[in-house]
Amino acid sequence: MKKKLVNIFTNNTNISLDTKTELTKKLIDKGYAVTGEFSKDAELIICIGGDGALLKTIHSCDFPECPVIGVNTGHLGFFQEVRPEDLDRFISDYENNQYSIQELNTVMATITTKDGHEYNHVGLNEIVIQGRPSYTVHLYISIDDMPIEKFSGDGILIATPAGSTAYNYSLGGSIVDPRIKLLQVTPIAPMNTTAYRSFTSSLLLPAELSLGVVPEKQYENRMAIINDGIETIYTDVTDIKVKMSDTSVKLLRLKDYDFWNKVKTKFL
Ligand code: NAP
């Protein structure tokens, strides 16, 4: 009989590598095949590290269809579910189906340049749109093609519910329960003066609406699009559309997982 396959990724710190060695041995003893490379045949991906490591794993596996679980050897570990000292309990709960799947929506930006090319970027946490470093950027913002405002400031961030507790939260955005399907548009250092008028609080958009962003002409020569901390620089951007993506990430959660308890323990 073909062995059940598990892929394990780490952030390569000493504690993560030690945890990987221990976990690999335990899984092999239970009859699993374990590899450190992504395979479409894997039934589970395990990421050992912090939230940053989990984000990198999801991007390197190109948003895998199978469930992902994190073992927290990092700093905060908001996505991470298992403590390194609880590996036996995790394997036992997994084998006895004592878990749930938390389906997390992602956000996608489509960038159109003057030559007509389109580029897509997907984020589990967020998409950030900025101009030149240290300069104000001016962006014409529309919601489902209806012009809303000319934003002036450092940039805008469009967060998923999963990403609401990350950069979005540091900017004063709201924490959103991931069971609610929405996108949160949060301004980064908005200017609100008699010269410039920008919303200073987050806007919440229902899943079916898209956000349009057109950079003012003099800024279109340098736009930074940052998805989950991965920066891409574009020139000659004519238009950016941001909407909820069809791709989702399935996080495996143990049976006592509760979103608001996690918020309480990690933030208060
Ligand atoms: P990093 O700058 O090294 O670390 C960012 C911090 O955010 C880490 O403590 C990380 O947790 C935590 N984090 C990531 N996703 C989270 C989530 N969904 N909820 C709560 N906390 C979360 O960058 P990184 O590790 O590569 O992660 C990329 C993320 O950093 C971006 O998606 C963005 O949200 C965030 N970021 C935050 C700020 C800010 O708050 N001022 C600025 C830039 C980027 P671990 O310690 O467990 O890894």
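Indexing begins at 1, ligand by ligand and atom by atom, following the structure's order.
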> Any chance you could measure Glu37, atom CD, to Ile8, atom CD1, to the nearest 0.5 Å?
13.0 Å
> Measure up the Phe90 and Tyr94 rings against each other and bin them: parallel (under 30°), tilted (30 to 60°), perpendicular (over 60°).
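Answer is tilted, since the angle falls between 30° and 60°.
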> Would you say NZ of Lys25 has more than 12 non-hydrogen atoms from neighbouring residues, nucleotides or ligands within 6.0 angstrom?
no
> Mind checking who shares a hydrophobic cluster with Tyr169, ILVMFWY linked at side-chain heavy-atom distances under 4.5 Å?
Leu76, Phe78, Ile175, Tyr257, Phe259, Trp260, Val263, Phe267
> What are the polar N/O contacts of ligand 1 with the protein below 3.5 Å, with distances?
from, atom 1, to, atom 2, distance (Å)
ligand 1, 11 (O), Asp51, OD2, 3.2
ligand 1, 15 (N), Asn125, ND2, 3.0
ligand 1, 18 (N), Asn125, OD1, 3.0
ligand 1, 18 (N), Ala162, O, 3.1
ligand 1, 19 (N), Thr165, OG1, 2.7
ligand 1, 26 (O), Lys56, NZ, 3.4
ligand 1, 32 (O), Asn125, ND2, 3.0
ligand 1, 32 (O), Glu126, OE1, 3.3
ligand 1, 32 (O), Glu126, OE2, 2.6
ligand 1, 34 (O), Glu126, OE1, 2.5
ligand 1, 34 (O), Tyr167, N, 3.1
ligand 1, 40 (O), Ser170, OG, 2.6
ligand 1, 46 (O), Leu76, N, 3.0
ligand 1, 47 (O), Asp51, N, 2.8
ligand 1, 47 (O), Asp51, OD2, 3.4
ligand 1, 47 (O), Leu76, N, 3.1
ligand 1, 47 (O), Gly77, N, 2.8
ligand 1, 48 (O), Asp51, N, 3.1
ligand 1, 48 (O), Gly52, N, 3.0

> Can you give me the closest heavy-atom contact between Asn168 and Gly163, atom names plus distance?
CB-O, 3.8 Å
> Answer yes if the side chains of Thr73 and Ser16 hold a donor-acceptor pair under 3.5 Å, and no otherwise.
yes
